[in-house]
Each structure stands twice: as structure tokens, then as C-alpha cells.
Protein chains: 2
Amino acid sequence: MFELRLVQGSLLKKVMEAIKDLVNDANFDCSTTGLSMQAMDSSHVALVAFLLRSEGFEHYRCDRNISMGINLANMAKMLKCAGNDDIVTVKADDGTDSVTFMFESPTQDKIADFEMKLMDIDSEHLGIPEAEYDAIVRMPSAEFARICKDLSSIGDTVVISVTKEGVKFSTRGDIGTANIVCRQNTSIDKPEEATIIEMKEMVSLTFALRYMNSFAKATPLASQVTISLSSDLPVVVEYKIAEMGYIRFYLAPKIEEEEAETHAETKSKSEAKPKRPKPEVKPEVQIHLEVEDSCMEPAVESKPPLDLDIKPKKETNGEVEVMDVE
Amino acid sequence: MFELRLVQGSLLKKVMEAIKDLVNDANFDCSTTGLSMQAMDSSHVALVAFLLRSEGFEHYRCDRNISMGINLANMAKMLKCAGNDDIVTVKADDGTDSVTFMFESPTQDKIADFEMKLMDIDSEHLGIPEAEYDAIVRMPSAEFARICKDLSSIGDTVVISVTKEGVKFSTRGDIGTANIVCRQNTSIDKPEEATIIEMKEMVSLTFALRYMNSFAKATPLASQVTISLSSDLPVVVEYKIAEMGYIRFYLAPKIEEEEAETHAETKSKSEAKPKRPKPEVKPEVQIHLEVEDSCMEPAVESKPPLDLDIKPKKETNGEVEVMDVE
DNA sequence: GCCTTTGCGA
DNA sequence: TCGCAAAGGC
């Protein structure tokens with residue numbers, strides 16, 4: 001049987017709110033390591049992964065590794081019924097096809113339990129190799145969210161360009177162009193407002209703002225966000241969950257059109273971005289984070305999917321290996 | 001070249017929010033006097049004018065008078081990307097067909113620049129003659145906004161009647177009638193809560209609430225609103241912008257039906273309102289603030305447009321005469 | 001945490 | 001165009 005108890009129940013609610021719009025159904029993997037999930041978004045463009053380590057729970061018991069197939073919208077619905085101060089307990093008995101959520105009000109005056117049917121979901125657990133990134137930007141999560149929201153009122157894609165001095169977010173749309181530069185700043189007294197850039201190579205990559213805005217739903221989980229960029233890898237947008245783990249979003253860069261580069265103000269930096277080198281293809285199953293087909297821009301030629309260097313691991317018998325890279 | 005810098009950037013945002021629903025496109029006139037705009041609303045029923053005097057800006061430079069054709073919705077979109085505490089810089093080089101907005105966060109850690117295409121807009125600058133008004137009401141802007149909102153849930157038009165004692169806002173609709181009377185009150189200690197009436201003649205005029213509610217979008221700009229009424233003139237609803245200027249809305253009164261007057265509770269006062277005397281027609285272009293054709297009341301016979309005594313001035317070569325009546 | 005405001009769907 | 005739900009401000 002599997003059981004966990006979390007005093008700060010709002011945390012689970014926030015995790016669900018952050019991913020439910022991106023992923024429809026996913027397997028929640030429960031092991032001695034903790035509770036984790038990994039799933040591609042419904043259009044196979046982005047990948048979401050979170051981990052909540054067992055040590056972070058007030059109580060955690062996992063007799064055997066199990067995998068619970070969950071409809072995220074339904075689970076979010078149920079968790080919405082928990083008060084923000086409620087203590088949440090999640091319980092799944094072996095051999096049943098349902099999971100129970102229990103919400104206890106802080107005063108213990110109100111106790112609710114919700115039972116939800118589980119689903120059978122085909123999915124393989126992907127081992128995502130840790131990579132070296134050309135640039136890692138750490139900045140206030142609220143600022144990142146604001147920038148993505150603002151830019152998406154002008155254009156559909158964002159070019160993220162990193163230099164030693166700062167990070168620039170640019171877009172262009174029918175009504176004009178926009179550039180937002182965030183300077184590096186190590187505010188010691190307010191570390192949550194710091195913007196810190198670790199850079200090996202200058203990098204400039206293009207992403208669909210639509211997905212960035214989805215990722216930014218995780219903002220309530222952490223005051224800072226970490227954006228890891230490399231020319232030939234999907235960007236990683238990570239929110240650390242205090243004391244427990246993280247939620248990470250992966251998104252393949254858009255291949256910039258030649259025409260688009262002509263306009264780019266960061267032209268000189270574009271050499272830092274090699275033209276989409278073919279990644280070494282593993283003979284096993286290929287996992288694709290596909291370049292989004294935008295029905296808004298029928299003129300833009302649809303590009304072949306970007307191969308991702310993600311090695312699939314066959315998940316056998318509910319046995320799960322949780323990747324724990326910190 | 002033209003450049004202005006405004007520490008209180010939220011002010012420009014508020015001006016845009018106040019007018020963007022009323023006017024689609026308009027010329028922004030930049031002269032040594034300041035930045036001003038004058039435009040009729042898209043259905044030619046109301047007129048909007050604002051002035052921000054050059055002295056009010058932290059920096060103001062205008063080498064030659066220029067007129068920038070702006071799509072207000074787009075400009076509002078861009079200004080929404082400015083933080084409320086941001087310092088805003090607006091820049092337009094001569095001979096370019098675009099304008100740049102720059103937003104600096106208070107800490108200078110974030111600097112954004114937005115470039116917007118300008119448009120070619122035909123419009124003549126109207127000299128609006130200062131008029132003598134029968135009655136001028138000054139009252140808290142929030143109260144005026146609340147009244148217009150409340151009344152529009154009952155009826156479509158408001159009758160504003162001014163006597164020495166106070167101002168009455170009345171409406172009637174299918175579900176009943178409403179009258180809201182605001183007494184004159186000179187609160188010395190809280191001048192922003194005062195309601196002050198300067199009256200030469202009793203006056204009672206009818207306006208479309210729809211427009212009044214649009215005007216009330218300017219409420220965040222000033223704690224007080226001034227409503228100037230005369231029987232044969234458009235009402236002026238003015239919000240002063242502290243230290244800088246004003247935003248003014250003009251709206252032609254509706255011609256009351258005889259039937260409507262029968263119902264009017266202010267019947268005795270209706271003599272103060274001469275039956276729509278034909279204004280002296282200037283031989284130049286006639287500017288009409290047309291009486292709105294309400295598709296809600298097909299039974300009401302559409303009246304001919306009310307001629308307004310507004311003398312158009314041909315705007316020549318970007319030369320602008322800013323009316324500055326305080 | 002509540003309330004106003006804004007964006008979206010009917 | 002109105003009403004509802006999510007989001008931002010006090």
C-alpha cells in the first residue's frame with residue numbers, strides 16, 4: 001500500500017494547477033524515493049516532470065513501487081476541494097484501481113475524503129540525461145512570468161538571448177517589436193530578487209510563448225526560476241519545490257527561419273547557435289519534442305521534429321527509477 | 001526628434017485605458033506645449049481630448065511639431081507591458097514611421113523597449129471654443145462612476161438635472177425608475193470628497209449611459225470629475241491630470257421625446273431647457289456629434305444629428321495649436 | 001485573504 | 001452583449 005501525508009496541502013494543489021493544462025493523463029510513480037511524474041504535453045511538444053521526495057512528507061509509506069494512471073484535470077478538481085491550510089493524505093491500496101485523497105482542516109473540524117478512479121496509461125519512463133548547458137539563468141519567477149505574458153501580447157515566439165551582462169527576451173508581431181533585458185544582479189539581501197547568469201557560451205534560442213506561459217503557471221511554487229539553455233537541447237524551465245524536489249518543463253527550441261534571423265537584432269550572437277546539428281541518434285525508441293505546428297502561421301513551413309537525446313527506459317512491473325539530479 | 005520621459009509611467013497607461021475603448025485611431029500631436037490628442041469616438045457621437053503639458057514631464061524635447069498616427073489599442077497593449085512603477089520614455093525620430101516606448105524598472109535591472117508602427121490618419125484638429133455653461137458640477141469621480149454604472153443596470157439613458165441644491169441623475173427602464181441626488185457639499189477637510197455646483201441656469205439634459213460609462217474609465221486619473229452642462233452644448237466631462245493637464249470627454253445630449261418629458265419628474269424645470277435651438281451654423285465644415293442610433297429602441301425615431309458649434313481648424317504640416325483653457 | 005478587475009465563453 | 005471564472009491589487 002501507498003500512503004503519504006502532507007501538512008502543506010496547498011503544495012499539491014499548486015503542482016496540479018501548474019501541469020493540468022499541459023498534460024491530460026499521466027502515471028504518477030510512487031517509490032521509496034518519493035512521488036514523481038513525467039509526461040509529455042498533449043501535443044508532444046513539451047515535457048513535464050516533477051519530483052516530491054519522500055523526506056519532504058510528514059508521513060510517507062510505499063511498500064512496493066506503484067504507478068497510478070491519473071487524469072490530471074480530475075485530480076486537480078478534487079484537490080481544489082481542499083482548503084489551502086488543509087492537511088492532505090493520499091492513499092492507494094494494492095490491487096485497487098482507485099486513489100483516495102483526504103483533506104483535514106487545520107482544526108480537524110472538517111474531514112473530507114475523495115476517491116478517484118485510476119486509469120491504465122501506456123507510457124514509458126524516460127531517463128533524462130543530465131546535460132551541460134551553455135547558459136543557466138536564475139531569475140525571479142514572477143518576473144519571468146510577467147515577461148512571457150507581456151511578450152505574448154505582441155508576438156507568438158520569444159527569442160531568449162543570454163550574454164554575460166544579462167538575458168534578453170525579444171519578440172516581434174504585427175503591431176511592432178519588443179525587447180526586454182534583465183541585467184545580472186546579485187542582490188545579497190534579497191536573494192529571491194536576484195538575477196544570476198552562469199554562462200559558458202552565448203546562446204540565442206526561440207520558443208513558443210504559449211508554452212512558456214503554461215510553464216509560468218508553476219510560479220506560485222517558487223520565488224525563483226532556473227532556465228537552462230543550450231543550442232541543441234530543449235530548454236529546461238525549473239521551479240524548485242522547497243525541501244521536496246522540483247517541477248521541470250522541457251521545450252524544444254523553434255528552428256528560426258532564415259528570414260527571421262535577418263531581422264534579429266542579436267544577429268552577431270547567432271553564430272553561437274549552430275544550425276541544428278543532428279543529434280546522435282540512439283537506436284532505441286526516439287522521443288520527440290515536436291516543433292509545434294502553429295495553425296496561426298500556415299505560411300511557415302512545418303519543420304521535422306527535433307530529436308531529443310532522451311533515452312527511454314522500459315518501465316517494468318511498476319518498477320520505477322526516479323531520476324534525482326540536484 | 002521628439003522625446004519625453006515620465007517617471008510616473010502609470011499615468012500614460014491610465015490615459016490609454018481611458019480612451020482606447022472609445023477611439024480606435026488618432027493623431028497624437030507633439031508640440032512645445034506638450035502632448036495632446038483630440039479625436040471623435042468611432043461612432044462620431046463623442047469627442048475625446050487630452051493634454052499633457054511639457055512642464056509635467058521629467059524630460060521633454062520636441063524639435064518640430066509632429067503628429068503621430070496611433071492605433072490606440074496597440075499603444076495600450078504596449079503600455080500594459082510597463083510596470084506601474086516604471087519610468088516611461090517615448091521617442092520618435094523625425095522621418096521614421098514608428099515610435100519607441102522604453103520602460104525602465106525602478107531598480108534599472110529590467111529595461112524594455114517596444115517599437116510600434118505609426119499610421120497615416122486623416123483628421124483635422126478642432127478648435128473647441130470655450131463656452132459658458134449653465135451649470136458646472138464638480139464631484140468625486142468614483143461617485144460619478146458608481147452612479148453611471150448603477151443607473152445603466154436600470155436604463156440606457158441618464159437625465160442629469162442640476163439645481164442649486166444638488167445634481168440629480170435619473171433613469172427609467174423596463175423594471176422601474178431610479179433617481180440619485182447628490183447634494184452640494186463643500187467638505188473643506190476632504191476636498192476630494194466635495195460636491196460643488198456652480199449654476200447660472202437650471203438645466204436638465206439626457207445622455208446615453210453607455211458613453212458616460214466609457215468616460216468613467218478615466219476615474220483612476222483624478223479623484224474629482226467636472227461635468228459642465230448647457231442646454232445647447234455637448235456636456236463636458238473632465239478629469240484633471242495632476243500637474244500635467246486634463247482629459248475631456250464631450251457628448252451631445254439626447255433630444256428628449258415629448259413622451260419622455262411627460263414622464264419626467266423634473267417637468268417644472270424643463271422650461272430651462274429651450275427646445276433645441278438651431279445653433280448658428282458656421283459656413284465651414286460642420287462637426288457633428290451625432291445622436292446615437294440605438295438599435296435597442298427601434299421605436300424611437302432617429303433624430304437628425306445635433307450640430308455642434310465646434311470650429312474646425314485645418315491642421316497644416318504637423319502644426320498644432322493646443323487649446324489650453326484652465 | 002478578500003475584492004476588484006480583466007479575459008473568455010455563451 | 002452579458003455573465004462567469006481566473007488573475008492582479010489592496
Side-chain angles (χ1 to χ4, degrees), chain A residues 8-11 13-22 72-73 76-77 79-86 105-107 110 140-154 156 209-210 212-221 223 296, chain B residues 8-11 13-22 41-43 45 72-86 103 105-106 140-157 171 173-175 208-221 223 292-298:
Chain A
Q8 197 189 355
S10 61
L11 203 146
K13 293 178 69 170
K14 287 177 193 162
V15 170
M16 294 310 299
E17 288 305 309
I19 58 180
K20 72 163 205 282
D21 291 336
L22 220 41
L72 296 192
K77 241 184 215 169
L79 283 170
K80 265 195 183 163
C81 304
N84 277 326
D85 301 324
D86 284 4
S105 71
T107 59
K110 181 174 143 199
S141 58
E143 194 166 326
F144 175 69
R146 174 67 193 262
I147 289 169
C148 292
K149 185 182 136 259
D150 283 349
L151 290 189
S152 59
S153 75
I154 310 290
D156 297 324
L209 276 166
R210 187 195 133 154
M212 288 293 168
N213 276 314
S214 278
F215 302 167
K217 297 254 167 71
T219 301
L221 282 165
S223 62
M296 298 301 155
Chain B
Q8 198 189 353
S10 61
L11 202 146
K13 294 178 68 169
K14 287 177 193 161
V15 170
M16 293 310 300
E17 289 306 308
I19 59 181
K20 72 161 207 278
D21 291 336
L22 221 40
D41 89 293
S42 37
S43 29
V45 175
L72 297 191
N74 290 346
M75 179 168 165
K77 238 185 214 174
M78 291 195 163
L79 283 171
K80 266 196 184 164
C81 302
N84 278 327
D85 300 323
D86 284 3
F103 311 137
S105 72
S141 58
E143 193 166 329
F144 175 69
R146 175 63 194 262
I147 289 168
C148 292
K149 186 181 139 257
D150 285 350
L151 291 190
S152 60
S153 73
I154 311 289
D156 298 326
T157 60
T171 193
D174 295 340
I175 68 167
L209 275 167
R210 189 198 129 132
Y211 286 96
M212 288 294 170
N213 277 314
S214 278
F215 302 167
K217 296 252 165 75
T219 301
L221 281 165
S223 62
E292 181 190 16
D293 286 340
S294 171
C295 43
M296 297 301 154
E297 301 161 304

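Reminder, nothing fancy here: chain letters follow the sequence lines and each chain counts from 1. Hydrogens, waters and symmetry mates are skipped; everything else that's a heavy atom, side chains included, is used.
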Whole-Å distance between C:dG1 C1' and A:K13 NZ? 13 Å

Length of the line joining B:K20:NZ and C:dT6:P, which is rounded to integer Å: 7 Å

Atom-to-atom span, CG of B:N213 to P of C:dT5 - whole angstrom: 13 Å

Using the side chain to side chain contact (heavy atoms under 4.5 Å, CB included) definition, which of the options A:V15, A:L22, A:I19 pairs with A:L72? A:I19

Grab the CE-P distance between A:M16 and D:dA6 for me, whole Å please. 15 Å

Whole Å only: how far is the CG atom of B:L209 from the C1' atom of D:dT1? 16 Å

Just compare D:dG8, C:dT6, D:dA6 and give me whichever is closest to any side-chain atom of A:K80. D:dA6

Check the distance between D:dG8's P and A:R146's CZ and give it to me in whole angstrom. 9 Å

Can a donor-acceptor pair be found, under 3.5 Å and without considering hydrogens, that links the side chain of B:S141 to the backbone of B:S223? yes

Which atom names give the shortest non-hydrogen contact between A:S152 and A:N213, and what distance separates them? OG-ND2, 3.1 Å

Base, sugar-phosphate alone, or nothing: which one does A:K217 contact when heavy atoms must sit under 4.0 Å apart? sugar-phosphate

How far does CD1 of A:I154 sit from SG of B:C81, to the nearest 0.5 angstrom? 5.0 Å

Rounded to whole angstrom units, what separation is found between the NZ atom of A:K149 and the P atom of C:dC8? 11 Å

Output the single nucleotide from D:dG9, D:dG8, C:dG7 whose closest atom is nearest the side chain of B:N84. D:dG9

In whole Å, I'd like the distance from the CG atom of A:D21 to the C1' atom of D:dA7. 14 Å

Of all the choices, D:dT1, C:dG1, C:dG7, which nucleotide is nearest to the side chain of B:R210 once you look at every atom? D:dT1

